[in-house]
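Structure first, commentary second.
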Amino acid sequence: MKTTLKIEELAQFCLGIFLFSQLHYSWWFFPTLLLLPDIGMLGYLVNTKVGAMVYNVFHNKAIAIAIMLAGMLYLGELYSLIGIILFSHSAMDRFLGYGLKYPDNFKNTHLGTMG
């Protein structure tokens, strides 16, 4: 099952690359912005509960898709870019085994315990 989930996340990451290719941004934007959603880890400076909440907002694919669609339909390419980066980053993280966080410990994720 783990392999199937990783293949699914890799496919979603590839979808993110394809969606990015439909925008009018230089290719160097994608790798440059790809790690930016990890800024959500700053919430852990407050405590683990706030950290998990902020981290999960930045790594929630439903939020990413909503921002992406809002950009495509109403708000413009910048919002599409933000949504695509959030979506792609989340897929990449999950492919690498980093899941959404539980509030008790950074290493406790919806994919199991890291490490």
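The first residue of the sequence shown is numbered 1, and numbering continues consecutively from there. Keep in mind that the numbers below use all heavy atoms, side chains included, and drop hydrogens, waters and symmetry copies.
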Can you see which heavy atom on [X] is nearest to which on [Y], and at what distance?
X	Y	result
L19	M72	CD2-CE, 4.3 Å
G71	S80	C-OG, 3.2 Å
I67	G83	CG2-N, 3.7 Å
F95	E9	N-CB, 3.8 Å
L34	H89	O-ND1, 2.7 Å

Between [Y] and [X], is there a side-chain heavy-atom distance shorter than 4.5 Å?
X	Y	result
L45	L42	yes
R94	E8	no
V46	V54	no
L69	Y79	no
S88	I17	no
F30	I85	yes

Geometric class of the F20/Y25 ring pair [parallel <30°, tilted 30-60°, perpendicular >60°] |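 The arrangement is parallel - the two ring planes meet at less than 30°.
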Can you label the angle between the H59 ring and the Y55 ring as parallel, tilted or perpendicular, going by 30° and 60°?
->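 Parallel, since the angle between the ring planes stays under 30°.
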As an exercise, state the distance from [atom1] of [X] to [atom2] of [Y], rounded to the nearest 0.5 Å.
X	Y	atom1	atom2	answer
F18	Q12	CZ	CD	15.5 Å
M92	F87	CE	CZ	13.0 Å
N60	I65	CG	CD1	9.0 Å

Is the backbone of Y98 close enough, under 3.5 Å, to the side chain of D93 for a donor and an acceptor to pair up by distance?
->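 Side chain of D93 to backbone of Y98: no pair is present.
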Side chain to side chain contact (heavy atoms under 4.5 Å, CB included) evaluation trace for M68 with I63 | CA-CA 9 Å; M68 182 185 350; I63 292 171; over 6 Å; no
Residues, nucleotides or ligands: over 12 heavy atoms within 6.0 Å of I39 CD1 =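 Open.
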Residue that, paired with P37, satisfies side chain to side chain contact (heavy atoms under 4.5 Å, CB included) out of L86, V57, I82 =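 It is L86; the other options fail the test.
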